[in-house]
Amino acid sequence: MAGYVVRRVLGMVLLLFLLTLTVFVLFSLMPADPARLTCGKACSPAIIENNRHRLELDIPPIEQYQRFVAGIFVGRTYLKDTARPLECEAPCLGYSFLRNQEVLAMITKAAPVTFWLAIGGFVTWMVIGLVFGVVAALKRGRWQDRTVMGIALVGYSLPSFFIGLVLFFFVVLIWHLLPIPQWTSGMPFANPGKFFQTMLLPWITIATLNAAFYMRLTRNQVLEVFGEDYVRTARAKGLPERIVVVKHALRAGLTPIVTAAGLDLAYLLGGAIITENIFNLPGLGSLAIGSVLASDLPLITGITLVAAALIIVANLVVDLLYAVVDPRVRVG
Amino acid sequence: MTAATREILRVTDLKTHFPVRSRGLIPRVIGQVKAVDGISLSLNSSETLGLVGESGSGKTTAARSILRLIRPTAGSIELDGTQIANLSQAALRPIRRKAQMIFQDPYNALNPRHTVGGIISAPFRIQGVEPPGGVKAAVQELMERVGLNPEHYNRYPNEFSGGQRQRIGVARAIALRPMLIVCDEPVSALDVSIQAQIINLLKDLQEEFGIAYLFVAHDLAVVRQISHRVAVMYLGHIVETAPRATIYSAPLHPYTHSLLSAVPVPDPKIQLKRERIVLQGDVPSPIDPPSGCVFRTRCFQAQERCAAEVPQLIEVAPDHKVACHFPITVAEVTARARAAGKIEVPETEVPAPPVSGPHFVEPGPPHA
Amino acid sequence: MINMERAEGRAERSPDREFLSIENLGVTFNTEDGVVRAIDGVSLSLERGKTLAVVGESGSGKSVTAQAIMGLVKSQGGHVTGEIWLDGQELNRLAADEVQALRGSEMAMIFQDPMSSLHPFYRVGDQIVEAILAHRKIGKTAARKETLEMLKHVGIPAAERRIDAYPHQLSGGMRQRVMIGMALINSPQLLIADEPTTALDVTVQAQILDLISTLKQEFGTTVILITHDLGIVADVADQVAVMYGGRLVEVGQTSVIYDQPEMPYTLGLLSSIPRMDRELPKRLDPIRGNPPSPINLPPGCVFQPRCNYSDRVRDGACLSVRPELLPTAPDHLVRCHLPAEERRQISEEVRRILAGAVR
Ligand SMILES: Nc1ncnc2c1ncn2[C@@H]1O[C@H](COP(=O)(O)OP(=O)(O)OP(=O)(O)O)[C@@H](O)[C@H]1O
Ligand SMILES: Nc1ncnc2c1ncn2[C@@H]1O[C@H](COP(=O)(O)OP(=O)(O)O)[C@@H](O)[C@H]1O
Ligand code: SF4
Ligand code: SF4
Ligand SMILES: [Mg+2]
Ligand SMILES: [Mg+2]
């Protein structure tokens with residue numbers, strides 16, 4: 001097991017390295033010329049040239065990449081040869097000259113919003129999905145099953161922007177049940193009441209589609225293990241039905257679901273673009289959209305890097321978790 | 001056999017090894033699964049060679065290697081005079097019509113999204129053959145020939161029972177009138193009554209078209225019914241090969257004796273009186289086979305020499321070859337079994353190989 | 001022990017019934033394709049300590065019968081009718097938790113596929129310990145010790161090490177040994193083995209059948225051995241019941257079934273099997289056609305579409321009237337419209353042809 005973990009971690013490091021390379025190449029090949037974008041209204045070739053130098057775009061790509069990577073590990077200094085050099089400490093993900101801020105600072109500011117949005121949504125949908133899915137499976141073919149599957153079908157067919165907009169419109173604008181959502185720094189601990197009022201609708205929006213998906217997944221998965229021979233063996237041993245269901249069927253049936261859900265959470269942590277936009281939450285999703293609209297290359301690069309790294313790490317965590325619970329994976 | 005028989009297949013020293021790779025970033029080859037480790041056999045037209053042995057002895061690997069569905073590691077395969085062991089897939093294509101395969105699992109071997117007509121006519125399409133009278137007529141004739149209703153041309157495999165699906169597999173295999181059909185456990189998944197139907201069908205087709213069969217199975221009674229010659233495989237090696245009558249009435253290899261002894265006979269009077277050889281444990285891992293004779297860990301005849309020296313496959317009588325240092329006749333086995341009640345591997349046997357590979361290999365007799 | 005207490009309070013114990021007595025057992029499943037009548041009117045009885053072989057092709061209802069006895073059909077959505085008397089108790093009327101207490105202690109079962117029958121996540125030793133603790137109040141250490149003893153007993157080499165192995169680390173034969181050990185750990189009175197060797201090699205099959213008969217003698221267990229292979233039960237069974245289309249079609253002492261079978265289906269099975277003990281026939285003589293679909297059974301005799309002799313029955317009764325399972329000799333029941341005389345004649349003919357291959 002220890003060897004497996006070491007191998008997987010080494011693999012992950014290599015992958016992250018390849019990721020920086022890919023992201024870098026991808027964005028330095030983009031047609032937009034950052035030097036021109038930061039040029040402003042009174043633009044002249046000289047200013048562009050100056051900008052290019054300022055942005056360190058006039059050095060060979062290899063060296064650009066080296067500085068980029070060095071920035072992540074040891075930090076880097078922009079505008080070295082000017083009067084006001086910019087110190088960007090490690091881990092430096094770049095500097096956005098459009099907004100005059102370090103990329104990392106922007107990300108760390110937006111991350112908590114996305115984090116709480118994702119965690120809340122995740123918990124909501126997992127609880128709903130698992131509980132309803134298991135109930136549907138246990139009551140297969142009866143009204144409980146049909147009801148759950150009906151709900152799942154409806155939830156499945158509603159796009160999240162639609163749910164978000166409808167909720168926002170009715171709950172907030174028409175019925176005034178909740179105040180207009182507004183994220184203030186220091187949340188959630190500074191102002192828990194306001195926090196829940198702000199996040200409730202976004203959580204529901206995010207959870208709906210996923211809950212529907214997980215209800216169906218859970219139901220099918222649990223039904224499948226109920227047909228497994230080892231569940232029959234557990235019954236044949238004379239174990240109480242409760243133990244047959246929980247220890248034998250659900251343990252095997254829910255394991256892949258819970259671990260795989262880790263990946264869905266990772267995707268979400270990279271930013272929930274639609275939901276954040278509808279509810280005006282300053283999370284990674286909003287940041288990403290903003291950076292793309294402004295062609296803010298350093299910021300796009302940074303966000304992409306962080307989101308992809310999250311997914312890679314989550315992948316590893318999920319696999320390791322799986323190896324812990326399923327001995328077939330663990331022992332070579 | 002008629003005078004017109006001729007050699008269709010000659011396999012010489014065929015080896016198929018699968019590399020075992022370590023897990024990790026850069027996988028290293030840390031061993032070889034010697035699934036097939038140097039087998040030789042030949043087959044004439046209108047002849048059936050039965051290939052028997054326990055699970056994991058390498059029968060399927062041998063069968064698939066001979067048809068070049070797996071790339072063999074070494075050795076020669078001559079199909080109708082052409083050396084095919086090293087041909088590229090493109091060069092193999094025209095030759096494929098000469099040799100076909102029937103699989104064990106009638107439920108997974110047929111694509112569920114294709115109609116029966118589509119499945120049976122596939123060989124025509126792949127080989128670009130236009131049968132006289134058109135594809136549909138040819139397919140319906142084939143269906144009729146294997147005992148399927150030709151009107152079911154447009155049905156899908158899931159509408160058929162296991163036995164009928166195997167008939168579909170047979171029809172597909174004979175579509176291009178091949179010289180050789182390799183059958184990998186074609187009746188193992190079928191009920192006894194259906195098994196017998198398929199065996200009869202295969203025999204009839206052989207008589208009609210002079211097809212040669214390489215018939216892989218673990219059921220010795222079934223193999224006896226269909227084969228002219230039998231080869232017994234163990235852990236990648238052929239340990240005995242002989243004409244059918246010899247294998248069943250005068251075998252010499254301890255493994256063949258053990259296999260035959262384990263086959264149950266549906267008659268209580270006979271079954272209760274039989275002398276039995278109890279073969280302990282399972283086939284060892286082919287990653288790390290025993291030294292010397294591969295069978296020695298389970299052999300009731302094993303002696304020191306067996307651990308030291310690999311027995312060669314030697315012709316002891318015309319067409320009867322045995323790979324064993326201490327072959328034993330039926331009379332001797334019977335006498336020994338009668339004296340002892342049954343034959344078991346003595347507890348002080350030749351040391352077993354170390355535990356290795358993906359399974360714990362059961363070493364020798366179950367003593368604690 | 002536990003059962004004794006419960007038994008005393010139970011009025012309907014019936015001492016004059018056989019140890020196992022099944023009366024008019026029926027099982028139906030509701031499926032999307034309609035109602036599947038998996039078994040219908042199965043009646044059987046078995047003396048304590050004897051072995052009954054249930055033989056038939058796939059889909060004939062062998063497993064459903066076994067699972068109905070074990071009370072495992074309801075959890076699969078099946079509906080059970082009729083009576084199952086085990087040691088004087090009627091099981092079909094018992095409450096779910098009462099059957100559950102019997103399962104694994106009074107009656108135990110092993111299954112066809114030893115790989116999928118063991119839970120992949122738990123060590124084999126722990127799975128057996130769980131079976132002990134489900135029925136007996138003993139400490140974990142004691143249960144583990146007992147488990148180790150049992151593993152040695154069923155012939156697992158290096159049992160001290162294997163007790164902590166996961167199922168995928170064992171070979172098929174060893175997994176089936178583990179299953180047998182698990183079934184016998186609470187010394188059940190009745191052991192049901194559902195095709196215990198179908199997934200195994202002949203050599204391993206011989207080992208497992210040996211083990212079952214040795215243990216049966218040692219523990220005095222009554223055994224029901226389910227199989228599709230008439231060969232493997234010849235020397236272990238006292239009684240054979242042949243099933244077809246969800247019904248028993250012939251029941252008798254083992255020697256009677258092999259020497260004087262009367263039902264055309266049994267005859268067909270016997271002549272379908274290639275046999276090692278006889279001269280080679282040029283062709284096998286199999287039953288024609290395919291087994292019936294349980295949703296759409298023929299209205300008369302369920303075997304009629306495949307039977308060679310139905311035209312010998314007057315008025316085409318085979319096509320319209322379900323035959324009854326009736327005694328033809330003491331301890332020999334047959335379900336067929338043919339007159340007994342004619343059946344024996346046919347049987348003799350067939351056996352002569354089969355034996356004709358001798359020499
Ligand atoms: N692709 C592969 N990679 C590694 N090992 C393999 C591969 N295919 C087969 N083997 C191994 O080669 C050996 C022989 O396998 P093969 O399937 O030929 O046996 P078999 O005699 O056909 O057995 P069975 O009766 O179970 O069908 C086995 O140990 C198997 O695990
Ligand atoms: N859970 C189930 N739901 C529906 N039909 C079933 C179920 N279990 C068994 N059957 C049907 O009952 C019949 C008898 O099955 P079974 O007892 O498993 O046959 P076998 O004799 O091969 O053991 C078959 O037709 C099978 O399809
Ligand atoms: S060579 Fe030795 S071990 Fe091998 S089969 Fe012969 S007697 Fe047995
Ligand atoms: S009742 Fe008729 S169809 Fe059925 S077995 Fe007897 S003769 Fe054959
Ligand atoms: Mg095979
Ligand atoms: Mg069954």
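Every chain is numbered from 1, with letters handed out A, B, ... down the list of sequences.
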Item checked: Rounded distance (nearest 0.5 Å) linking atom CG of N200(B) with atom CG of D285(C) -> 8.0 Å

Notebook entry, point to check: Does the Q207(C) side chain pair with the main chain of V278(B), one donor and one acceptor, at a distance under 3.5 Å?
Noted result: no

Note to self: Could you check whether atom NZ of K203(B) has more than 12 heavy atoms from other residues, nucleotides or ligands sitting under 6.0 Å from it?
What the structure shows: yes

Checklist line | Minimal non-hydrogen separation, Y258(C) against P266(B), with atom names | finding: CD2-O, 3.2 Å

Next item on the list: Could you tell me whether D204(B) and R283(C) make a salt bridge, using a distance below 4.0 angstrom between a side-chain N and a carboxylate O?
Entry: yes

Notebook entry, point to check: Would a distance-only check, ignoring hydrogens and angles, find a side-chain to backbone donor-acceptor pair under 3.5 Å from D191(B) to S58(C)?
Noted result: yes

Next item on the list: May I ask you to check whether E57(C) and S193(B) show a side-chain donor-acceptor distance below 3.5 Å?
Entry: yes

Notebook entry, point to check: Does a sphere of radius 6.0 Å around CG in D164(C) hold more than 12 heavy atoms from other residues, nucleotides or ligands, not counting ones at 6.0 Å or beyond?
Noted result: yes

Margin query: Would you say that more than 12 heavy atoms from the other residues, nucleotides or ligands in this model lie under 6.0 Å from the CD of E208(B), or not?
Written below: yes

Next item on the list: Mind checking salt bridge (Lys or Arg N to Asp or Glu O under 4.0 Å) for K269(B) and listing every partner two or more places apart, or none if nothing turns up?
Entry: D267(B), D259(C)

Next item on the list: Name, in order of residue number, those residues of residues 160-171 of chain B that have a heavy atom at a distance of less than 4.5 Å from a heavy atom in chain C; otherwise write 'none'.
Entry: S161(B), Q164(B)

Item checked: For the student: nearest non-hydrogen atoms of A196(B) and P286(C), plus distance -> CB-CB, 3.3 Å

Notebook entry, point to check: Rounded to the nearest 0.5 Å, what separation is found between the CD atom of Q205(C) and the NE2 atom of H218(B)?
Noted result: 8.5 Å

Check: Which atoms form the tightest heavy-atom contact between Q197(B) and G289(C), and what is the distance?
Finding: NE2-O, 3.1 Å

Next item on the list: Taking the side chain as every heavy atom from C-beta outward, state whether N290(C) and I194(B) have any atom pair closer than 4.5 Å.
Entry: yes

Margin query: I'd like to check the salt bridge (Lys or Arg N to Asp or Glu O under 4.0 Å) partners of R244(B); sequence neighbours left out, ordered by chain and number.
Written below: none

Next item on the list: Taking the side chain as every heavy atom from C-beta outward, state whether V192(B) and D229(C) have any atom pair closer than 4.5 Å.
Entry: no

Checklist line | R224(B) side chain to R275(C) backbone, donor-acceptor under 3.5 Å | finding: yes

Margin query: I need the L280(C) CG to I226(B) CD1 distance, nearest 0.5 Å.
Written below: 11.0 Å

Check: For chain C, which residues from residues 256-264 of chain B lie under 4.5 Å away (heavy-atom distances)?
Finding: L259(B), L260(B), A262(B), V263(B), P264(B)

Notebook entry, point to check: Between D210(C) and R276(B), is there a side-chain N and carboxylate O pair less than 4.0 Å apart?
Noted result: yes

Notebook entry, point to check: How many angstroms lie between atom CG of D277(C) and atom CD1 of I270(B), to the nearest 0.5 angstrom?
Noted result: 4.0 Å

Item checked: Backbone N/O of T203(C) and side chain of E54(B): donor-acceptor pair under 3.5 Å -> no

Check: Are side-chain heavy atoms of P281(C) and Q225(B) found at a separation under 4.5 Å?
Finding: yes

